[in-house]
Amino acid sequence: MSVRIAVLGLGSVGKGVLEMIAKKDLDIIVTGVADSKSGLIDPSGLDIGAVLLSKRTGSCGSVAISAKDVVSRADYDILVEVTPTNAGDGEPAFSYMKLAIERGKHVVTSNKGPISLHLKELKGLARERGVFVRYEATVGGAIPIMHTLGNGLAGNEILALYGVLNGTCNYILTRMAAEGLTYDQALAEARELGYAEADPTYDVKGIDAAIKLVILANTIWDNGVSLDRVDITGIDLLTTDALRLAEEKDCTIRLIAEAFPNRGVLRVSPRIIRKDHPLVFEGSLNAITLETDMAGEITLIGKGAGSIETASAIIGDILFISSHVRCN
Amino acid sequence: MKLEMKDSPGQLVSALQPISEVGGNIIAVIHQRDLSSREDTLGVQIVLEIAEPRLTDLVSMIKARGVNILRIGKDRLLYKQTVIMIGHLMHTDLSDTVDRIDCTGFAEVTALDLAMPAINEPSSARLMIKSVSKQDMDSALDILRQVAKTKNLLIIEPLDGGLV
Ligand SMILES: NC(=O)c1ccc[n+]([C@@H]2O[C@H](COP(=O)([O-])OP(=O)(O)OC[C@H]3O[C@@H](n4cnc5c(N)ncnc54)[C@H](OP(=O)(O)O)[C@@H]3O)[C@@H](O)[C@H]2O)c1
């Protein structure tokens, strides 16, 4: 039996998901879609090509149907929530998710807002209703960190974690070191290439990495930590000279997110790091190192963002749920 | 310091005893059997913390116990760490910043490389800090972080210490 999904948000991620579903034979049917102004519902399955085409020229559907209508009325098994991150209160995504769970629907999301703020509540609601809430795409883009934690490393105690969780910063630092660019020049280049948002504040001030660290910490240790507990320093004050001074010692500078629960450390900060360290790589990649009791140290490296890369994580979660629901 | 003593039970303990008697603090004891000149002697390297004036007392006390002191090293600062500072380093009195570490007695800034940018731009510096022990390094870094906060400087620390 096919799995039916409704997709909220048809930006970079939402379109990537639809394109891959149309292109690959994944046995996924899309019964509802919505963007910020319109929606479309069809219980027998939407024509994805037509949806993408009409989205290219504006709205995806009818202005008479809102995103909320899709959540509350469409026939779907899984809500795919890929609207913009609101780090303040997680809305409106948080309400969409709760509504779907109340209807007994699973949730898959790339939205860091509600997951970093309300993970405990969402998991509690999902448990009551016997549904899944999965959020692989919120951290590390295509890197299957949540699957690794939940399945591959099941039974391990995670002692600590550290990593490079923001590709924009990694790109900027790489370019400052390699070409001697100033911070402003490297940022402008990252923008031109689409690695940085028009407003890069969240990225360069370390907030995006800190939000991902909060999601990881809550997932692993269930410790209820929030963003204000993270000690955050960004890269926006770094100088080309500082990178050169590090390079002279066979080192470089990277924005590192780290959690050492036994020492109470939860920190995002630029750090001097040896060039032969596994967390030193070029460009916009992400990486996470886990210290575990049984498996020892494990480092995962991969694409931290991008339309298709993020779709990979979303589709992995959808198929995880459909295989588990089928088994039961 | 490097000591040479008889390789018999109790020798090491009796050589170490005076250290605590003069208020010294033993940081490490390293055996160096291969370095000893004769079969029946034992070479030991001791790393210790002691107030400079008490050193002569200590030496005579150890000698009185029949232990030979081969060498007293001055390179007491075993731990080193590099940090980078960014900010208006000159306007905020760089030499005072360095003094705050140096005046502790347990840590020193042993190298400083300063990059001077255009006027009014923040400058960057690389500092090598050396300390007697790991704890002292942590305390020195704490002091530096405090100073950085009040002077509005950015401190970049190494990811996993022990950086040369
Ligand atoms: N891009 C990535 O590589 C990446 C990677 C990991 C995680 N994420 C996360 O994934 C989410 C989506 O990212 P994105 O890059 O695809 O964003 P995006 O390109 O800005 O697209 C956002 C989409 O959501 C729609 N939307 C906005 N408000 C809505 C509302 N209230 N109800 C329904 N739809 C609404 C927008 O509608 P309109 O089209 O009408 O404007 C747009 O289609 C974000 O939370 C982001 O943080 C993104």
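Naming: A, B, ... by sequence-line order, numbering from 1 per chain.
Contacts of B/Leu154 with chain A are made by side-chain atoms alone, with heavy-atom separations under 4.5 Å and no backbone atom involved. Using a 4.5 Å cut-off between heavy atoms, A/Ser269 makes no contact with chain B at all. Proximity to chain A (any heavy atom under 4.5 Å) is restricted, for B/Ile86, to the side chain, taken from C-beta onward. Looking at A/Thr240, neither its backbone nor its side chain comes within 4.5 Å of chain B, counting heavy atoms on both sides. In this structure, chain B has a heavy atom under 4.5 Å from the side chain of A/Ile253, while its backbone stays farther away. With a 4.5 Å cut-off on non-hydrogen atoms, A/Ile256 touches chain B through its side chain but not through its backbone.
In this structure, A/Val268 and A/Gly206 approach most closely via the heavy-atom pair CG1-O, 3.8 Å.
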Run the side chain to side chain contact (heavy atoms under 4.5 Å, CB included) test on A/Leu238 and B/Ile156 for me, step by step, so that the C-alpha distance in whole Å, both residues' side-chain angles and the decisive distance to 0.1 Å come before the verdict. CA-CA 9 Å; A/Leu238 290 191; B/Ile156 305 170; 3.3 Å; yes
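Applying the 6.0 Å contact sphere to CD of A/Glu197 captures no more than 12 heavy atoms from other residues, nucleotides or ligands.
Looking at heavy atoms from C-beta onward, A/Ile272 lies out of side-chain contact with A/Arg254 at the 4.5 angstrom threshold.
A/Tyr171 and A/Tyr195 have tilted rings, their planes meeting at an angle from 30° to 60° on a 0 to 90° scale.
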